[in-house]
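One structure below.
Ligands are counted one by one from 1 in listed order, and the atoms in each one are counted from 1 as well. As a basis for the values below, the full set of heavy atoms in this structure was taken, side chains included, without hydrogen atoms, waters or symmetry mates.
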Amino acid sequence: MRSKIIIANWKLNGNWSFNEEFASALSKGLKEIDLKDRQIVICPPNVYLQQMNGLLLEKSIFLGGQDLSDELSGAFTGETSGAMLKDFGCRYVLVGHSERRERHFETLDVIVKKAVNAISAGITPVVCVGETSEQRQNGMMKEVLSEQIQSLVTGMGDQIDAVVLAYEPVWAIGTGETATLEQAQEAHQWLRSEIEKVNPAIAQKLPIIYGGSVKAGNAAELLQVADIDGLLVGGASLVPHEFLSICLAGL
Ligand code: 13P
C-alpha cells in the first residue's frame, strides 16, 4: 500500500503572525495522533521557510518549497536553487504548478530540468500535471496528460522513481469545482498506466496526489479513491482547522 501525502500550498499567502498561529494549531492538532505513515507537508512562501522550519516540530510535518530554479547557481536574479531549499529544511518542492505554467510560461523542458535539479539536491519534486477546461471539453484530457508524462519519462528516465505526481485539473483550481471521484480516478489511473508502459514497478509505487478545490468536506472520499495517494490543497490549507481535518480525513 502506498502511504498518503497531504500538501498545503500556501501560494502567495501567509505572514509572520499567521504562520505562528497556523503552526501552533497544526502541531497541537496532530500531537499524539497516529498518522499511519501519512506525511503532512507545508509549502509556505520561501521567505518564511526558516520561520516555519523552527515552528513545525511534529515529526510527521515536513517543509516544501513552491518552486525552484532550473539553474544551479549564477546570475539568475530572484531565483532559488534546490540546494538552498534543502539548506532551509525542505523535503519536497512543487514543480510546474499550473499557475507557474500560465504566468511564468514554464515549458515541459523547464519542468523536467527543475525536477532533476530537485532530485540532485536531495528533495522530492512534486510535479504538477493537468488539463485545462477547454482541453477537457475538447476530449483531450488523456492526450494532454500523456504528453506531460511522456516529457517527464523521456527527460528523467528512471529518476521518475523519485517523483510525486500531482494531478491538478486546471479547471478545478480555486474554482470550488472539485473533480468527481470518477473523473479523478480516471485521470489518476491513466497517469499510472502511462508510466506502467515504461516501467511497471515504478508505476505501482509512484504516489499520485490530487489537487483542485479540496476541502474538509471532500477530503475523506477523495482519499478513498484507489489511485489517489494524497492531496494538494490550496485555499483550504490557509484555514488551520480546515486543513487539520483534511490531514486527519479518513484515518
Ligand atoms: P485550491 O485548493 O485553492 O483549488 O488550489 C489547488 C492548488 O492549486 C494546489 O496547488
Strictly below 4.0 Å, N to O, side chains only: are Glu99 and Lys11 in salt-bridge contact?
yes
List below, pair by pair, the N or O atoms of ligand 1 and of the protein that are less than 3.5 Å apart, including the distance to 0.1 Å; reply 'none' if no pair qualifies.
{"residue": "ligand 1", "atom": "2 (O)", "partner": "Gly234", "partner atom": "N", "Å": "2.9"}
{"residue": "ligand 1", "atom": "3 (O)", "partner": "Gly235", "partner atom": "N", "Å": "2.8"}
{"residue": "ligand 1", "atom": "4 (O)", "partner": "Gly174", "partner atom": "N", "Å": "2.6"}
{"residue": "ligand 1", "atom": "4 (O)", "partner": "Ser213", "partner atom": "N", "Å": "2.8"}
{"residue": "ligand 1", "atom": "5 (O)", "partner": "Lys11", "partner atom": "NZ", "Å": "3.3"}
{"residue": "ligand 1", "atom": "8 (O)", "partner": "Lys11", "partner atom": "NZ", "Å": "2.8"}
{"residue": "ligand 1", "atom": "8 (O)", "partner": "His97", "partner atom": "NE2", "Å": "2.8"}
{"residue": "ligand 1", "atom": "10 (O)", "partner": "Asn9", "partner atom": "ND2", "Å": "3.0"}
{"residue": "ligand 1", "atom": "10 (O)", "partner": "His97", "partner atom": "NE2", "Å": "2.9"}
{"residue": "ligand 1", "atom": "10 (O)", "partner": "Glu168", "partner atom": "OE1", "Å": "3.3"}
{"residue": "ligand 1", "atom": "10 (O)", "partner": "Glu168", "partner atom": "OE2", "Å": "3.0"}

Hey, is Asp37 close enough to Lys4 for a salt bridge, meaning N to O under 4.0 Å?
no
If you measure from the Lys or Arg side-chain nitrogens to the Asp or Glu carboxylate oxygens, is any gap between Glu106 and Arg101 under 4.0 Å?
no
Going by an N to O cut-off under 4.0 Å, is there a salt bridge joining Asp227 and Arg2?
yes
So that I can tick it off, tell me whether Glu186 and Lys142 are bridged by a salt bridge, with the cut-off set at under 4.0 angstrom between side-chain N and carboxylate O.
yes
Residues 66-95 vs ring pair (Phe, Tyr, Trp, His ring centres under 6.0 Å), sequence neighbours excluded, gives none
